[in-house]
There are 4 protein chains.
Amino acid sequence: MNKKREIQSSVKDESLIEKRRAQMIRGAVTLFKEKGFHRTTTREIAKASGFSIGTLYEYIRTKEDVLYLVCDSIYDEVHARLDALDVDTGSLDVLITAIEHYYSLIDDMQDEYVVMYQESKSLPKDALRYVLDKEMEMVSLFERLLTECADSGEIAMAPKEIKLAANHLFVQGQMWAFRRWALRDYTIQEFIELQTKFLLQGMAGEKTTLRGG
Amino acid sequence: MNKKREIQSSVKDESLIEKRRAQMIRGAVTLFKEKGFHRTTTREIAKASGFSIGTLYEYIRTKEDVLYLVCDSIYDEVHARLDALDVDTGSLDVLITAIEHYYSLIDDMQDEYVVMYQESKSLPKDALRYVLDKEMEMVSLFERLLTECADSGEIAMAPKEIKLAANHLFVQGQMWAFRRWALRDYTIQEFIELQTKFLLQGMAGEKTTLRGG
Amino acid sequence: MNKKREIQSSVKDESLIEKRRAQMIRGAVTLFKEKGFHRTTTREIAKASGFSIGTLYEYIRTKEDVLYLVCDSIYDEVHARLDALDVDTGSLDVLITAIEHYYSLIDDMQDEYVVMYQESKSLPKDALRYVLDKEMEMVSLFERLLTECADSGEIAMAPKEIKLAANHLFVQGQMWAFRRWALRDYTIQEFIELQTKFLLQGMAGEKTTLRGG
Amino acid sequence: MNKKREIQSSVKDESLIEKRRAQMIRGAVTLFKEKGFHRTTTREIAKASGFSIGTLYEYIRTKEDVLYLVCDSIYDEVHARLDALDVDTGSLDVLITAIEHYYSLIDDMQDEYVVMYQESKSLPKDALRYVLDKEMEMVSLFERLLTECADSGEIAMAPKEIKLAANHLFVQGQMWAFRRWALRDYTIQEFIELQTKFLLQGMAGEKTTLRGG
DNA sequence: TATGAATGAGCGTTCATTCAT
DNA sequence: GATGAATGAACGCTCATTCAT
């Protein structure tokens with residue numbers, strides 16, 4: 001797995017770094033959400049963070065570092081909340097719970113989530129790779145749970161269906177964050193229920209062999 | 001429905017405008033795909049279009065106009081191809097065909113599609129609304145087809161399920177354009193088949209009243 | 001010999017480039033002389049050149065390019081004026097004339113000369129090498145003339161003395177430019193005469209073998 | 001003579017001031033040599049000196065103070081070594097010894113010497129004057145020795161020749177420090193011998209009256 | 001109609017200096 | 001006395017846009 005990138009800071013006090021970066025992330029997310037990464041200036045980020053432009057640059061080296069920090073902090077949160085789940089042995093129940101937790105999490109962090117996926121393309125190459133890796137981890141988790149359900153006979157899906165379904169689940173999460181305006185009639189609970197229902201019904205059929213198998 | 005926005009041009013000859021703008025769109029899509037809207041300069045667009053920066057500004061007023069032109073031309077193409085379908089009376093067959101056409105179309109215009117959804121947030125307010133309207137039209141088409149199937153009893157779905165499913169179909173299209181790297185094992189044919197299968201199976205159950213209603 | 005470095009310009013009209021760069025050089029020399037390269041801002045250079053900061057950057061890529069242009073133009077001038085001399089066959093007369101021309105030239109271009117040698121250390125690596133090469137050419141010219149005089153018996157100097165004397169002549173030129181304030185009692189004519197006299201008398205002795213030869 | 005400038009310090013303990021400034025000078029010379037005054041940051045100076053940026057500013061008021069301290073310490077050293085000479089009554093022997101000592105000293109302190117003459121132009125006005133005064137003292141010393149030799153009949157030089165020769169000797173010292181790369185074939189001993197020889201031969205002729213005297 | 005030189009507001013970033021601890 | 005986090009003026013440079021030719 002890709003290692004977390006160290007963002008250089010000329011400040012030595014680690015706990016201060018953490019505190020200031022938390023301020024930065026909070027400020028930056030709001031701005032990035034509102035006007036995007038490119039239209040947000042470093043001065044605005046500094047101001048929204050509650051300190052001066054000089055201080056901002058004591059904690060990062062480039063503007064892109066801020067974006068990376070935002071993306072990384074989201075994944076830290078995602079992992080923290082998903083690790084709380086006991087996900088070691090996959091079963092239908094576990095899968096359903098995982099979906100529920102995942103979509104709830106996205107609901108809680110909507111802004112951050114949108115920023116991450118809308119702006120991460122502006123990350124420098126290696127930072128982008130790191131973020132993409134994290135995304136793949138997420139998809140893989142769903143894939144693993146589905147596979148284990150299939151292995152235990154709880155669901156009937158071919159491997160290729162599983163992979164697609166895993167991507168499915170992931171992308172529907174993005175949908176909840178990105179297209180809230182189109183889904184404003186739904187509560188997160190309804191959304192979760194319907195997604196789960198679709199998935200389970202979608203899996204109900206016999207395994208498909210593609211091309212009229 | 002939102003009216004098409006007029007992009008001002010200081011040139012009179014309509015057919016020339018059309019020709020130059022076509023050049024512009026072709027050049028811009030490549031560049032936007034490669035480096036995004038913000039990292040692409042107007043000079044680069046002019047060069048890729050085969051004329052000078054001065055000429056570029058004879059046919060648009062702002063850089064954002066180029067982006068609007070790109071987005072608009074994509075929708076023109078989408079409509080052209082979807083209108084070829086006889087979609088007046090919805091039925092399961094029509095729905096299935098519509099899905100097929102829609103995903104094939106996205107497959108053909110992958111670059112343009114990605115650009116449109118990745119960069120359209122940079123559009124000025126009213127242009128963005130226009131593009132979003134077009135998107136909603138697309139979703140509405142699926143919604144209408146599904147509703148008509150439900151009305152005729154071909155499928156069993158509650159209105160709220162239909163709406164979500166329509167969004168579903170739309171977003172899965174984006175997935176095919178955006179996440180091709182994660183789906184490189186699938187052909188567009190496989191993708192269409194599996195999506196259709198999931199949808200039909202997902203609809204197989206009885207109508208759900210949310211939250212155990 | 002090191003090739004002249006091409007300074008990129010986004011302007012195409014060669015004669016315009018030449019004209020604008022001449023303006024730039026004139027403006028920059030004054031400023032560099034007055035406050036040095038580092039204390040001079042690009043905005044000041046633009047203003048002194050008679051155009052805007054944007055225009056400045058149409059004709060160069062970096063601030064260091066300006067310095068290079070200054071240095072290079074000096075050498076062009078030096079060569080133009082020294083090539084006027086018929087210097088093909090060295091003789092005492094030719095040597096004396098060369099010295100005279102060289103010091104006169106420095107006298108005429110005092111400001112430029114000072115700037116070049118005071119600031120050239122701020123040039124990027126390869127540009128610095130180019131300028132240093134030009135300097136060495138100049139020293140080599142003196143070395144050649146002295147050697148030819150020695151070969152023809154007009155002067156009596158060992159090779160090592162010749163080399164040092166060549167550097168001597170070069171450095172005394174710098175002295176005239178740099179230490180004018182200390183030499184304000186002298187006219188350029190006096191300076192030339194005395195330098196020539198010192199040199200000729202200095203060469204009058206027998207060839208020295210170093211260390212009590 | 002110009003009085004030594006007091007550099008303010010908020011620290012009281014004089015011996016501590018001396019110690020810290022010695023650290024500063026040592027660190028700064030290395031850095032200035034390597035990258036010049038302007039490209040060296042105060043943070044780097046502090047680090048190279050072995051203390052924090054805050055501490056640096058306890059012993060100076062501005063960055064230029066550091067440069068002044070460097071220049072001043074060099075002259076202290078120069079004077080200390082030249083005062084060891086008994087130079088009260090000038091004679092040819094004393095002159096020759098003075099030259100020898102002076103060039104040897106430059107050879108020993110090459111780095112410092114280069115820094116002083118390359119960067120002193122960045123000194124504030126009054127500090128620059130002080131350093132220039134020190135330089136003039138040096139030239140005057142040679143001038144005095146030459147004059148005394150002329151008075152005693154040991155050499156034949158007109159006053160104007162003497163002044164120029166004094167500058168000559170001074171500038172050749174700079175040459176040894178600045179152009180070592182061009183003189184790498186010579187040892188300091190050879191250099192001293194040749195310079196001395198040139199000078200004495202140059203003085204051998206009859207007194208010149210300028211302009212065809 | 002087409003060109004491309006000119007413009008300057010505004011960006012990301014640096015760094016000398018201060019001052020609370 | 002020593003520290004180093006905080007500050008913000010100022011820098012080099014870019015680029016969307018204009019307009020004379």
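Side-chain contact annotation: A:Asp72 with A:Tyr130, donor-acceptor N/O pair under 3.5 Å present. Checked by atom type, the side-chain pair A:Gln23/A:Arg20 shows a donor-acceptor distance below 3.5 Å.
Side-chain atoms of B:Arg43 stay outside donor-acceptor range of the base of F:dT14, with no qualifying N/O pair under 3.5 Å.
Taking 4.0 angstrom as the limit, D:Arg20 places none of its side-chain polar atoms (N or O) nearer than this to OP1 or OP2 of F:dG1.
The neighbour count for A:Lys19 NZ, taken as heavy atoms of other residues, nucleotides or ligands under 6.0 Å away, does not exceed 12.
Of the two residues near DNA chain E, A:Phe37 and C:Val11, the one whose nearest nucleotide lies more 5' is C:Val11. Both C:Ile53 and B:Leu16 lie close to DNA chain E; mapped to their nearest nucleotides by heavy-atom distance, the more 5′-ward contact belongs to B:Leu16. Each of D:Ser52 and C:Thr40 has a nearest nucleotide on DNA chain F; the 5'-most of these lies closest to D:Ser52.
Rounded to whole Å, the distance from CZ on D:Arg39 to P on E:dT13 is 19 Å.
Judged by Watson-Crick or G-U wobble contacts below 3.5 Å, the nucleotide E:dT14 has F:dA9 as its partner. Base pairing of E:dA20 is made with F:dT3, judged by Watson-Crick or G-U wobble geometry with both donor-acceptor distances under 3.5 Å.
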Might you work through the side chain to side chain contact (heavy atoms under 4.5 Å, CB included) test for C:Lys63 and C:Phe37, ending with a clear yes or no?
CA-CA 9 Å; C:Lys63 187 186 172 190; C:Phe37 176 74; 3.9 Å; yes

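Across all strands, B:Thr41 comes closer than 4.0 Å only to sugar-phosphate atoms, never to a base (heavy-atom distances).
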